[in-house]
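Report on the following structure.
Predicted model, so just to flag it, every value in this text is computed and none were measured.
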Amino acid sequence: MKSFIMRLVTPFITSRALRNFRRSVHAFRRKRSGQKPTVHYFHQPDDPYSHLTAQVLQALQERYAIVLVSWLVSAPDDAAAPEREKLKAYALRDAARVAHQYGLSFATNTTLPQASRVESAARALATAIKRGAFFQTVVDVGTALWTQDDAALTAFDASNADAAKLVAVGDAKRKTLGHYLSAMFYFEGEWYWGVDRLHHLEARLRGIKLDSAPAGTPAIAPFRDMTLAAKPVSKSPPVIEYWFSFRSPYSCISAPRMRRLAKHYGCELKLRFVLPMVMRGLPVPPVKRMYITLDTKREAECVDAPYGTIVDPVGAGAARALAVLHHAIPLGHGEEFAELGMRAAFADGIDLASDAGMFDVAKRAGLSEAETRAALADESWRTVAEDNREVLFEAGLWGAPSFRVDGMPAHWGQDRFWALEEDILQAIAARNA
C-alpha cells in the first residue's frame, strides 16, 4: 500500500505543474500586498561556500530588480550535517576548486579559522548589517578571515552589534522558512544553494522579467557540467571509483552520466556501492529529505535525466538491490543494474522490495531469474559495502554520490562532473607521460 501511494503522490510533489502553481501563488500574494520581489540570503561567516556566494551578491542585487536581504546564521545541527569534521575539511578543498571554476577567489592551503577570528568576523558583519553595508563589507571580512589576516579583521568596525543576537534571529528566520544550511538563497517558496544553484534562481528571476541585462547575457553563475571534449589518446585507461547508494536521489541522476563520461574517455568504472546513510545510522531529517527531493528534480531537468516517480527503497529494497548488484558486477551487468535499479526507485516508481519489481529490473539488466535468486540468497554483499564505506571515509568523504580518478582527491555530488572530467584529462596526461 505504501509503495502504491508513493507512486501516486510523488509525481505530483515533484511536478513542474505544482512548482509553477506555487510560484504563481507567491507572485499573486506579493503583487496583492504591493511588496517588491525579495530574496533572502543566509550567511555563515566560517562557511567556505558562504564566502564564495558572498562574492556574487553585489552583482545579483545590481542586475535583478529584487530586494536582497541578508541574515547571519550558525552552522547546521548534526542531524542536517553528519560527519561534520569531514564536511569541514572537504569544503576547504572543494571551495578552492569551485572558486577557480567560477572566477571567484578562495585562499588555497588555508585552514579552518580559530573561534576568536570567527567571532571577530561575525561582529564585523553584524555591524555592517545594522548599518546597511553588508554587501560592501562581507567579501573583505571573509577574505581577512580565510587568509588569517588578524590586522584586517580587527580593523573592521564591530562596535555596535550583538552578533549572537543577530545569528539567533537569522537561525529562527531560516527555520521558519524551512531550511538548515548556510550559503542559501530563499525566494518565494524555493531554496537555492550557493553559486552551484544560483543559475536556477537566475532563470526564475529572468522568467518573471526581473533581469535588467540584455537578452542573451550569460548568468552570473552559469550551470557547470562536463563537456565531453575530444578524447585524447591514452596508453592505459584511468580508473574512476564511483560511490553510490540506491537510496540517493542524486546518485540516481548521476549514474547514466557517469557511465557516459567513463565510456567517452575509455575509463574503467569501479562501482563502489554503499548502504544508504540512514541504514548506516546517519539521520536524514524530513526537511532535508524534502529539499533534496525537489532540488534533485531541478537538477535532473538540467541534464534531461528521468526523475520524480519515487518508491523509497530504504530497508529491504536497498538491501536486495545491493545483493543483486554484488552478483551482477562480476557477471558484467553491474553498470546496467545499478543505473536501472536507481531509475526504478526514483523515476519509474518500481518497488525494489517486491519480487515483481526486483526481478523485472534484474531481467532488463541482463540477469537470469536463477542468477537473481542466487544473489538474493547471498549476504556477502554486506562485507563489500562496508569495505567500500571504509575506503570512502579514508578518501575524506561520507556520502553519495562520490567519485575520484586514479586515487586523486575525491569529489562529492552530482554537480561536480566538471571537476571529474578535468581530473580524467589530467590522469590521461599523467599516464601518457
Side-chain angles (χ1 to χ4, degrees), residues 41-58 70-131 133-171 174 179-185 193-196 396-399 409-413:
Y41 168 66
F42 296 85
H43 187 88
Q44 178 188 328
D46 58 339
D47 169 29
Y49 299 111
S50 287
H51 181 56
L52 296 183
T53 308
Q55 296 172 53
V56 303
L57 295 179
Q58 280 274 36
S70 56
W71 304 83
L72 289 183
V73 293
S74 61
D77 61 27
D78 291 340
E83 303 297 341
R84 186 181 300 276
E85 296 309 310
K86 285 184 172 60
L87 174 59
K88 289 180 179 179
Y90 173 72
L92 291 177
R93 173 167 59 85
D94 185 53
R97 189 78 176 258
V98 173
H100 182 265
Q101 181 69 201
Y102 283 90
L104 305 174
S105 63
F106 189 79
T108 56
N109 300 318
T110 189
T111 58
L112 294 171
Q114 298 175 355
S116 59
R117 290 184 175 131
V118 177
E119 291 171 1
S120 295
R123 287 195 299 271
L125 293 175
T127 299
I129 287 176
K130 285 196 169 185
R131 295 184 173 179
F134 179 81
F135 304 114
Q136 295 78 23
T137 307
V138 61
V139 176
D140 291 337
V141 171
T143 299
L145 178 65
W146 292 109
T147 58
Q148 303 176 31
D149 188 340
D150 291 328
L153 270 179
T154 56
F156 290 106
D157 185 357
S159 60
N160 189 30
D162 185 341
K165 183 177 180 180
L166 280 187
V167 168
V169 171
D171 285 348
R174 178 176 61 179
H179 218 277
Y180 51 94
L181 284 179
S182 54
M184 296 298 303
F185 294 100
W193 178 63
V195 294
D196 284 276
L397 298 179
W398 63 96
H411 304 282
W412 173 43

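Side-chain atoms of Leu397 and Glu83, non-hydrogen and from C-beta on, never get closer than 4.5 Å to each other. With a 4.5 Å cut-off on side-chain heavy atoms, Asp47 and Thr53 do not count as touching. Using a 4.5 Å cut-off on side-chain heavy atoms (C-beta onward), Phe42 and Ser182 make no contact.
By the ring-ring contact (aromatic ring centres under 6.0 Å, His included) test, Tyr102 pairs with no residue at all, sequence neighbours left out. Listed by chain and residue number, Pro45, Val141, Leu145, Leu153 satisfy the side chain to side chain contact (heavy atoms under 4.5 Å, CB included) test with Ala121 (two or more places apart in sequence, or in another chain). Here Ala152 pairs with Ala144, Asp149 under the side chain to side chain contact (heavy atoms under 4.5 Å, CB included) rule; sequence neighbours left out. Residues forming a salt bridge (Lys or Arg N to Asp or Glu O under 4.0 Å) with Arg84 (at least two apart in sequence, or on another chain): Asp78. Judged as a ring-ring contact (aromatic ring centres under 6.0 Å, His included), and not counting sequence neighbours, Tyr90 has no contacts. Applying the ring-ring contact (aromatic ring centres under 6.0 Å, His included) test to Tyr41 and every residue at least two apart in sequence or in another chain returns His43, Phe185.
No more than 12 heavy-atom neighbours from other residues, nucleotides or ligands sit within 6.0 angstrom of CH2 on Trp412. Around CG of Asn109, the count of heavy atoms belonging to other residues, nucleotides or ligands within 6.0 Å does not exceed 12.
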Determine, step by step, whether Leu92 and Phe106 satisfy the side chain to side chain contact (heavy atoms under 4.5 Å, CB included) criterion, reporting the C-alpha distance in whole Å, the side-chain angles of both residues, the deciding distance to 0.1 Å, and the verdict.
-> CA-CA 9 Å; Leu92 291 177; Phe106 189 79; 4.1 Å; yes
Under the side chain to side chain contact (heavy atoms under 4.5 Å, CB included) criterion, do Val167 and Trp71 qualify, and how do the steps go?
-> CA-CA 8 Å; Val167 168; Trp71 304 83; over 6 Å; no
Apply side chain to side chain contact (heavy atoms under 4.5 Å, CB included) to the pair Arg97 and His411, showing each step before the final yes or no.
-> CA-CA 10 Å; Arg97 189 78 176 258; His411 304 282; 3.3 Å; yes
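Here the side chain of Arg117 pairs no donor or acceptor atom with the backbone of Asp150 at under 3.5 angstrom. A donor-acceptor pair under 3.5 Å is formed between the side chain of Gln55 and the backbone N or O of Ser105. Using a distance-only test at 3.5 Å, with no hydrogens or angles considered, a donor-acceptor pair links the side chain of Thr154 to the main chain of Ala151.
The two atoms that bring Trp398 and Pro82 nearest to each other are NE1-O, 4.0 Å, heavy atoms only.
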